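These notes concern the structure reproduced below.
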Protein chains: 2
Amino acid sequence: MALSTAQRVADQLRDRIQGGGLPPGTQLSEEALGRDLGVSRNTLREAFRLLIHESLVVHRLNRGVFVRVPEAADVTDVYRVRAALETAGVRAAERAPWPLRQAVAEAVDRGERAAARGDWREVGSADLRFHRALAALSGSPRIDSAMDRLLAELRLAFHAMPSPRRFHEPFLPRNRALAGLLERGEYGRAEAELLTYLDDARQLILDAMRETSS
Amino acid sequence: MALSTAQRVADQLRDRIQGGGLPPGTQLSEEALGRDLGVSRNTLREAFRLLIHESLVVHRLNRGVFVRVPEAADVTDVYRVRAALETAGVRAAERAPWPLRQAVAEAVDRGERAAARGDWREVGSADLRFHRALAALSGSPRIDSAMDRLLAELRLAFHAMPSPRRFHEPFLPRNRALAGLLERGEYGRAEAELLTYLDDARQLILDAMRETSS
DNA sequence: GCTAAGATATTGTTCAACAATCCTCAAGAG
DNA sequence: CTCTTGAGGATTGTTGAACAATATCTTAGC
């Protein structure tokens, strides 16, 4: 048993949540889920703690845990933090070791290849990977895990997106351009472009959320 | 019962850890602590999860939880993240609402008043408050809680500091200067000064840690 | 239709037991 | 003497059941 049972249960729940099997707002009943997954309530609770830490679920005292429902304010805030962490990565790009810089270019390639064969789900994954690679230029483990949590949270908001293609396609050339600016050492322009980029993306998500909820 | 038992237990443990009653490296035995605090092992485990989330303790599978021992790499990394978050605050200062800007100035005053009466412990608290106020200029709840966790982690490393005065005193005028740059709208210079400031502080802590461990 | 009291269901916490894993330390092989 | 090996003991990991505390739902009364 390499991983603890609680870990494994948390992994399963994470997959179900991000796969849409447990949509936002769903209550995760301890008894029902415990019976379903074949674990005791106590172990299930330990798994819940892990997901709470990733803010995929929220815990309300004496009410239980629920799959998080992303609000507009959450999306806005996530993009604020992303702006801070990703621009920090861009500013550190000059001093970043080669593999980290390469990861950025690689994510761009990956996205374009996925788009060429029409796999828009993979395009979405590549886009997240691209932004994680940007933040990772800082070379900070804490920034890396913070980005992972932010992007996981954002993936919940993506459930409101009707068409992955319409959202991701316009950003493919922008990713390419951004990577180009970094390679050419134009860090100032890269940072400026990144900020407007993030603003645009945030606006698109907020618009989609407004439509879905109304 | 406004707070859950696990919450209360976590609060008690946090106080003991930060107060030095449970020095870094100490194992938090489930049975002994449970008997001591009068709670069951399961509840204690829930409390542990909260402290793990704050990274005050670390969990090693099948070994238990231990009060975190800050390594040099941790301090370096914490300062990397602080640089990202605090400079983001400085860059957002221009757009920040008045109360947030006022909090920065207030923290500086607080530190100087504490120094005047020789309360160096309070000077330390005021310094942390100052930096938290800088990061808070972004107006982001997630950045705020991230800073809280980073500073709590750093407080552990401060245990290696022999003299709080020698560490904090030189930074009093620098805090004042930084706040002045912000008030005068010289954001570019403020950001530059902040970066060298953080570099200096990090170096001092690393030096102290090297001495203590040897 | 509204309020209030009680019934019901769910979570919060405890307890005791057993399984799984790690650490210690001593015995034996090289 | 050093290194491996293997009990033995201690601690954590997990389970299941029980009870307490709390929130939600239902129903009676006005």
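In what follows, chains are A, B, ... by sequence order, proteins preceding strands, each numbered from 1. Basis for what follows: all heavy atoms, side chains included, without hydrogens, waters or symmetry-related copies. Keep in mind the model is a prediction, meaning the values are calculated, not measured.
- In this structure, Phe66(A) places its CZ atom 10 Å from C1' of dT10(C), rounding to the nearest Å.
- Ring centroids of Phe158(B) and Phe167(B) are separated by less than 6.0 Å, placing the two rings close together.
- For dT15(D), one of the phosphate oxygens OP1 or OP2 lies less than 4.0 angstrom from a side-chain nitrogen or oxygen of Thr43(A).
- Between Asn62(A) atom CG and dT22(D) atom C1' there is a gap of 5 Å when expressed in whole angstrom units.
- Closest contact between the side chain of Leu61(B) and the listed nucleotides dG12(C), dT14(D), dG13(D) involves dG13(D).
- dT14(C) atom C1' lies 16 Å from atom CZ of Arg35(B), rounded to whole Å.
- Across every non-hydrogen atom of Arg165(A) and Pro170(A), the tightest pair is O-CD, 4.1 Å.
- Annotation for Ala47(A) and Ala10(A): closest pair CB-N, 3.8 Å, computed over non-hydrogen atoms.
- Geometrically, Arg45(A) does not engage Phe48(A) in a cation-pi contact, judged by NZ or CZ lying under 6.0 Å from the ring centre and within 45° of the ring axis.
- For the pair Glu30(A) CD and dA23(D) C1', the computed distance is 14 Å after rounding to whole Å.
- No engagement by Glu46(A) is indicated, since no non-hydrogen atom pair under 4.0 Å with the nucleic acid exists.
- Within the structure, a side-chain polar atom (N or O) of His59(A) is placed less than 4.0 Å from OP1 or OP2 of dG12(C).
- Taking the six-membered ring where tryptophan is involved, the planes of Phe171(B) and Tyr197(B) are tilted, since the angle between them lies from 30° to 60°.
- Regarding contacts with the backbone of dT24(D), a side-chain N or O of Arg63(A) is found under 4.0 angstrom from either OP1 or OP2.
- Listed candidates were dC22(C), dT14(D), dT11(D). Nearest to the side chain of Glu31(B) is dT11(D).
- Both Arg41(B) and Leu44(B) lie close to DNA chain C; mapped to their nearest nucleotides by heavy-atom distance, the more 5′-ward contact belongs to Leu44(B).
- When rounded to the nearest whole Å, the span between CZ of Arg49(B) and C1' of dG12(C) equals 17 Å.
- Among the heavy atoms of the strands lying under 4.0 Å from Gln27(A) are primed sugar atoms or P, OP1, OP2 only; no base atom is included.
- Within the structure, a side-chain polar atom (N or O) of Arg45(A) is placed less than 4.0 Å from OP1 or OP2 of dG12(C).
- For the pair Leu33(B) CG and dT11(D) P, the interatomic distance rounds to 13 Å; values are reported in whole Å.
- Projected onto DNA chain D by closest heavy-atom contact, Gly64(B) and Gly38(A) fall at different nucleotides, the more 5' of which corresponds to Gly64(B).
- Distance, Ile52(B) CD1 to dG13(D) C1': 13 Å, rounded to whole Å.
- Within the structure, every side-chain polar atom (N or O) of Thr5(A) is placed at least 4.0 Å from both OP1 and OP2 of dG13(D).
- Where Asn42(A) and Val65(B) each meet DNA chain D at their nearest nucleotide, the meeting point lying more 5' is that of Val65(B).
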